[in-house]
Amino acid sequence: MLADKNATANIDGLNQKFLFRENHDGRTSIEYVGDVSLEGLGNRILTDINVDGLCERIYQGTDSTDPLPMPFGDYCSYLADHYWDDDKIVMPIHKDCGNCEYRATQEDEQAGRTSGFKECWSSQLDWTDQDFEKPSIFDIWDFRRKPNMIEQGIFHYNELKPFHIGPDAEDISPPLIRQGRQWLQVTRTRDNDPLPFVDIDGLKEEMSHWVFPLHMIDFETSTLAIPFYKGMKPYETVAFQFSHHTIQEDGTITHFGEFINVERGFFPNFEFVRKLRNELTQDHGSVFRYASHENTVLNHILAQLQDSEERDKQELIDFIKIITHLKDDKGKIVRKGERDMIDLLDVVKKHYWHPSMGGSNSLKVVLPAILNSSTHIQKKYSKPIYGMNSNIRSHNYNDGWIWIQRDDNGEVTNPYKLLPPIFDDLDQETVEEFHTEDQIADGGAAMTAYGMIQFAEMSKGERDSIIKGLLNYCELDTLAMVLFIDYISHEIKTT
Ligand code: SF4
């Protein structure tokens, strides 16, 4: 049975009929609330899919490209026998090892856990600890030729030639293209060059189109399988939180506004966009997002509004159209608003790279890179200028908050690590029940937190503490964008 994305709920509050509860024995179960008869649940939102053919392929052993294809029963016996004899099954290194799921983080290894990946590669390729530490093809940003490299036995940066990256690898003139950025990462890392790549002219050109005051926004969203309201479908996007910072032309920075609504059973999207509209229509300044998420979410809400009966739906739709764009199936832009949001991630990819970022462009990696390399940012943010009544006004941080704090090695601590974890007070097993693989990414914690508040049993204290955590994290997300702009503005002025 799968959730049918085309089915429409015809009752309100379906998602609140199933609550997640922890029993006395520590196990979890679902509590039914109210009428859960077939009539009480309304339209079917689940659909049955016939998987006989797939099961048959699994039974026959023809479902995978496993080097040892065999019928399912035989395969179970094969695994059981090896397990019983404690006999390791040696798999040859193959092109998909880059996605090996048996890797261990540094913290895992320090905690005494072993890495299946390292075991395989050291036994089959004689790799030593040093080989694992050397920068390798696995670290290169968006490197799609990884499987080919593994097949050719090319793993480390010193074995790579430009043609391995692609025909345009040596084009590292700004703005950076994908292969140029990859080659820049390889060569600068190989040469131990500690300096960042900052394309001043390109950044100047980008900034010449920006209109003050600048608005940095970040959304937290979730997709819940069970619809909130009648008329909605499974897995519709729920936008429950945003944060909004502004920078004025004179450099004044403010945490201008925010929104959060995690109330159980309340569908927050229209309130969310109403509040965003109020905050962004007070001027005509440029609006910034980091990656495409905010554009995608607003286009989803636009479609939801079209099907809704909200009294101000036309104003909200018009507003969304002004700050977004829409692409067709072929990726061609078919609608572009006059204040279409500017993607700062795109600006980073084209004009900025720091060795400590390696192959990641996540804001959570860009932020510590800037904090550790810019004396301007260090000087400014090591003073207590951030807080509810401080120079830089905040909604969630106490007065005198200092962002520059150093560890024992003198490195600036990643600001995200200065915050308490969102789930500090909750039992880990309950948290893990909500974690599915695709949620473990940026924003995954917020999504999990939202799901927990909707469906899990928790005290008011736990709920309040999660909300506080969400507010702190989201404010930091937009502050990180502010710091990037503060950094590049200063670089442009002083270069
Ligand atoms: S490294 Fe990982 S993916 Fe590759 S063979 Fe070993 S266990 Fe399998």
Side-chain angles (χ1 to χ4, degrees), residues 51 54-161 163-166 178-179 182-183 185-186 189-190 357-362 364-365 428 432 435-442 444:
V51 290
L54 288 173
C55 291
E56 201 44 44
R57 285 172 55 201
I58 293 171
Y59 292 139
Q60 298 303 327
T62 55
D63 61 305
S64 79
T65 53
D66 196 304
L68 293 169
M70 61 176 90
F72 185 66
D74 295 353
Y75 195 54
C76 291
S77 307
Y78 170 79
L79 293 175
D81 290 347
H82 281 76
Y83 186 69
W84 184 256
D85 295 339
D86 206 12
D87 182 16
K88 186 176 171 182
I89 299 170
V90 178
M91 291 291 284
I93 303 285
H94 55 86
K95 67 179 177 50
D96 294 326
C97 285
N99 299 323
C100 177
E101 54 193 291
Y102 301 109
R103 286 170 185 266
T105 62
Q106 218 176 358
E107 289 85 37
D108 285 337
E109 290 189 49
Q110 277 160 2
R113 297 190 186 104
T114 49
S115 158
F117 172 76
K118 282 192 176 176
E119 218 175 285
C120 271
W121 283 53
S122 46
S123 68
Q124 294 183 56
L125 297 172
D126 286 330
W127 272 32
T128 61
D129 284 350
Q130 275 171 330
D131 291 312
F132 287 108
E133 275 156 28
K134 280 197 284 187
S136 71
I137 51 163
F138 301 120
D139 310 322
I140 303 174
W141 168 64
D142 200 19
F143 188 36
R144 299 167 200 177
R145 293 187 171 192
K146 243 183 273 175
N148 302 40
M149 295 298 102
I150 296 175
E151 280 179 332
Q152 292 179 46
I154 294 170
F155 305 115
H156 290 115
Y157 283 11
N158 56 0
E159 299 159 292
L160 279 170
K161 300 273 180 284
F163 68 84
H164 291 132
I165 300 283
R178 191 168 59 86
Q179 290 180 10
Q182 291 168 336
W183 189 239
Q185 184 194 337
V186 170
T189 311
R190 203 159 63 183
M357 288 164 59
S360 170
N361 299 318
S362 152
K364 292 178 175 61
V365 173
Q428 196 49 34
E432 278 164 14
H435 256 282
T436 59
E437 219 169 283
D438 58 349
Q439 287 178 346
I440 305 170
D442 287 355

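Atoms within a ligand are numbered from 1 in the order they appear, just like the ligands themselves. Because the structure is a prediction, the values reported are computed rather than measured.
Using a distance-only test at 3.5 Å, with no hydrogens or angles considered, no donor-acceptor pair links the side chain of Asp81 to the main chain of Tyr78. Of the possible polar contacts, none joining the Arg103 side chain to the Phe117 backbone as a donor-acceptor pair under 3.5 Å is found. Side-chain atoms of Gln185 come within 3.5 Å of backbone N or O of Trp141 as a donor-acceptor pair.
Contact check for Ile154 versus Leu160: side-chain heavy atoms found under the 4.5 Å cut-off.
Annotation: side-chain hydrogen bond (donor to acceptor under 3.5 Å, both in side chains) contacts involving residues 113-127, sequence neighbours excluded, comprise Lys88-Glu119, Asp108-Arg113, Glu109-Lys118.
Heavy atoms from other residues, nucleotides or ligands lying under 6.0 Å from CD of Gln106 number 12 at most.
Sorted by chain then number, the residues whose non-hydrogen atoms approach ligand 1 to under 4.0 Å are Met91, Pro92, His94, Cys97, Cys100, Tyr102, Phe117, Cys120, Trp121.
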